[in-house]
Number of protein chains: 2
Amino acid sequence: MTAGIRHDDLRRRNRGLVIAAVRRAGLPSRTEIASTTGLSHSTISAISADLINEGILAEAKAGELASARRGRPQVGLSLNADAATVIVAVLSLNELSAATINYAGGLVAEESRTLATATISRDDLISELVAMLCRLTSGMEGSARPLRIVLAIQGITDADARVMLWSPITPHRDIPFAEILERKLGIPTAVENDCNMMAVALRWRDPARYRADFIAILLSHGIGMGLVLKGNLFTGTRSSGGEFGHVIHRPEGALCRCGRRGCIEAYAGDYAIWRNAHGKSEFSTPEDGVRPEDMKELAERARASDGPEREAYRKAGNAIGYGIGSLFALIDPAPIAFVGAGAAAFDLLEPAIRAAVAETAGGQHSDAIAFDTIPDELPLIRQGCAMRALTYVDQEIFSDGYPASPLLHADIA
Amino acid sequence: MTAGIRHDDLRRRNRGLVIAAVRRAGLPSRTEIASTTGLSHSTISAISADLINEGILAEAKAGELASARRGRPQVGLSLNADAATVIVAVLSLNELSAATINYAGGLVAEESRTLATATISRDDLISELVAMLCRLTSGMEGSARPLRIVLAIQGITDADARVMLWSPITPHRDIPFAEILERKLGIPTAVENDCNMMAVALRWRDPARYRADFIAILLSHGIGMGLVLKGNLFTGTRSSGGEFGHVIHRPEGALCRCGRRGCIEAYAGDYAIWRNAHGKSEFSTPEDGVRPEDMKELAERARASDGPEREAYRKAGNAIGYGIGSLFALIDPAPIAFVGAGAAAFDLLEPAIRAAVAETAGGQHSDAIAFDTIPDELPLIRQGCAMRALTYVDQEIFSDGYPASPLLHADIA
DNA sequence: AAGACTTTTTTCGAGCCTCGAAAAAATAGT
DNA sequence: ACTATTTTTTCGAGGCTCGAAAAAAGTCTT
């Protein structure tokens, strides 16, 4: 049962609304905030005064907002970059990277290193991560301590974003990263699926295109998906969900890395395309060592002539297209962004994808099916993590009357 | 952007909360409502006094609440059955039925008739419906006028629940039932998918089992689905969505009623089972005239010996099972209720369903997969419509300070 | 049977919050 | 310098929820 609304919740929610409006708009005036939130000018005035006093927002210098209009000039409100910091970390195949981000979303520091994720021991994996984050946060104590960590992983997390349940990059399972990092660093942590973070980032990058309903599909060694429906990130009931790569394309079909058969990934993952292009059986054990260079070369050959390579891409497109079509039967069509190295070969996939979608329930609204490609996934994932962490701070910490950094504003005391 | 919370929204939302608590609990005391909503006793006292004055709630007679405890006895609050009425209508193959329901959910009047939905003209279909609802509402004027109509149809509606976009029971498309009924009867109307209403009803019938996440699957001539995720009815971005029957089971597979190939329905719909059992080609035109008696007989023969009939049910179960498995890859497992005549043959389907699910991503959590069967769908659909209509009245009308029936309480004037 | 005890419900004043209207502030045009 | 215009702040009114205390309505005990 939904909880009742207390009187003090009201202020909290409206504070959150004002912060969100500033984060979204960049440098909005109070009047602009009033109109986007629907709250009265007086309320916005009161709330923004509080937020400025607390060091969460800051007023822009006069003239920063091009006006040239008559009347009292608007004063833009911005996020105070020094109000807080957050940490983002991305754990992917053979690579671990992390960064400190300030409250305005700017990069403060970063670090990354290669890591043999497939063979490293469980303890070493954990301690490498802990060590990197300790280095990043060293010297940040007291009010300078980061307020949130978001760790993105390839694979499945639990619905509460606390445990990595399974990942293709390591044999180790059920690693409670959130608990570990909270204990070691004392900073609240969320563990998120990388594709979900991609979807979050798309929404911030291009809100016009990626608004209420859209899909991000990661094409790489495996196939991942992040799905936003009615403005909310779609997650499973127990896990991060959205395992599009393991929707069944052909029952009893090709052997998948997950051990099952006929998954979309078993036709469209890098290893599957490679396997098909090299004339190996669909039932042969998935090859782990397919490198990005191999795929680039494969794509070149597929473009050069209509041989087994092109056929392999066709099969991949067919699997993806039928999968999308089935998804559209459930959720109706929505724009799709293909992300990752595989998106660089999208020209080879697209005809087969479109042909397959046309054979499905999604085909009837083919006008609404827009594709977009973004070959480089890491920046997207990072940005998604950063926004995830920052909106957490916005809504869960700064929306209460939290004294952001009292020392910065000692003059008001 | 989410709208700001006004001060007067607060009362409205808390009124809605109190009404919802009473509808859910049956005869709760004020103290009980306070604890389920988290609001204070004083607030509940004030709100319920208002609601009683407005004739929306009523106090139970003393002693109706078994207490036997010490202390001042609790006074149960109930919905005032006379506070309002709503209309539910269900349009299904060859049958149209409608009923008037009072505010407490009790049946006031009902009517149903057979109708050759497959051949009737568009205008006749509309006027039959309008006529029936006019008869039901005749004499109910002024404050006795029903406050809401919910019409359930087999097929696809738009996301705003105003238009029947497509239905298997009639060749006519895009009938704006909501607009038509609102104009003819002057009562706000919603057009809903029948399976979605089944899901709504399950939640009211057995909240322990069907709580936050579950699936209702209708097995009849076609295959429908109603899905509740995180406590919300799942709908598509443009339509009622959840067209589980048209998820692709086998690309380029059996011919479906929808004209496409390989849909789950083309294996598991009545016509598909019938077609397979009679040794017809999977690509032969779907038979429209398969009657429930035919299916009953088919099931008998399938139970009697392991012939083509049993094989047909196996194929159906295989399609459903793979479909469920793929769905579980996206949303994680959830309890499933199989509804409709096809559920009466669930014993024939279940082994193949379970075997197929085990081959998919859903298989890993096989412990969480609970099946339930409900052969009679019409009462479920009706109940879902009724609850849908009543909660609309609760939240959209009675949550504002709406004078429910001033005449009933003239004494307070 | 009267008083003690217990639990539910109502009453009442305090404290917030939002809102609208009016005032103040700050600039461009004339 | 003065007017027009637009933004922002101020101020009082009205509502809402809350906690504490009081009132109500029984059961239990002696």
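Lettering follows sequence order; numbering is per chain, from 1. Side-chain atoms are counted along with the backbone in the values below, which use heavy atoms only and exclude waters and symmetry mates.
- In this structure, the CD1 atom of I33(B) is 17 Å from the C1' atom of dT7(C), given to the nearest Å.
- Checked against side chain to side chain donor-acceptor pair (under 3.5 Å), R30(A) has the following partners two or more places apart in sequence or in another chain: S48(A), E59(A).
- Partners of S42(B) under the side chain to side chain donor-acceptor pair (under 3.5 Å) rule, at least two apart in sequence or in another chain, are S40(B).
- For the salt bridge (charged side-chain N to carboxylate O under 4.0 Å, His left out) condition, no pair includes a residue of residues 35-46 of chain B, sequence neighbours left out.
- The CD1-P distance, from I44(B) to dC16(D), rounds to 14 Å in whole Å.
- Summarising the geometry, the separation between CG on D50(A) and P on dC16(C) is reported as 13 Å, rounded to the nearest angstrom.
- Computed from coordinates, the E32(A) CD to dT8(D) C1' distance equals 15 Å when rounded to whole Å.
- Note on D50(A) versus R11(A): salt bridge recorded, some NZ/NE/NH1/NH2 to OD/OE distance being below 4.0 Å.
- In this structure F234(A) satisfies the ring pair (Phe, Tyr, Trp, His ring centres under 6.0 Å) test with no other residue, sequence neighbours excluded.
- dG15(D) atom C1' lies 16 Å from atom CG of D400(B), rounded to whole Å.
- Residues forming a salt bridge (charged side-chain N to carboxylate O under 4.0 Å, His left out) with D206(A) (at least two apart in sequence, or on another chain): none.
- Remark: T391(B) pairs with no residue by the side chain to side chain donor-acceptor pair (under 3.5 Å) rule, at least two apart or across chains.
- We find that CG of D9(B) is positioned 15 Å from P of dG15(D), with the value rounded to whole Å.
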Where do N or O atoms of nucleotides 4-7 of chain D meet protein N or O atoms at under 3.5 Å, pair by pair?
{"unit_1": "dA4(D)", "atom_1": "O4'", "unit_2": "R70(A)", "atom_2": "NH2", "d": "3.3"}
{"unit_1": "dT5(D)", "atom_1": "O2", "unit_2": "G71(A)", "atom_2": "N", "d": "3.3"}
{"unit_1": "dT6(D)", "atom_1": "O2", "unit_2": "R72(A)", "atom_2": "N", "d": "2.7"}
{"unit_1": "dT7(D)", "atom_1": "OP1", "unit_2": "Q74(A)", "atom_2": "NE2", "d": "3.0"}
{"unit_1": "dT7(D)", "atom_1": "O4'", "unit_2": "R72(A)", "atom_2": "O", "d": "3.2"}
{"unit_1": "dT7(D)", "atom_1": "O2", "unit_2": "R72(A)", "atom_2": "NH1", "d": "3.3"}

Quick test: give all pairs of protein nitrogen or oxygen and nucleotides 18-20 of chain C nitrogen or oxygen below 3.5 Å, distance rounded to 0.1 Å.
{"unit_1": "dT18(C)", "atom_1": "OP1", "unit_2": "N14(A)", "atom_2": "ND2", "d": "2.8"}
{"unit_1": "dT18(C)", "atom_1": "OP2", "unit_2": "R11(A)", "atom_2": "NE", "d": "3.3"}
{"unit_1": "dC19(C)", "atom_1": "OP1", "unit_2": "R6(B)", "atom_2": "NE", "d": "2.8"}
{"unit_1": "dC19(C)", "atom_1": "OP2", "unit_2": "S40(A)", "atom_2": "N", "d": "3.0"}
{"unit_1": "dC19(C)", "atom_1": "OP2", "unit_2": "S40(A)", "atom_2": "OG", "d": "2.9"}
{"unit_1": "dC19(C)", "atom_1": "OP2", "unit_2": "T43(A)", "atom_2": "OG1", "d": "2.6"}
{"unit_1": "dG20(C)", "atom_1": "N7", "unit_2": "S42(A)", "atom_2": "OG", "d": "3.3"}
{"unit_1": "dG20(C)", "atom_1": "O6", "unit_2": "S42(A)", "atom_2": "OG", "d": "2.9"}

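- For Y392(A), the ring pair (Phe, Tyr, Trp, His ring centres under 6.0 Å) criterion is met by no residue, not counting sequence neighbours.
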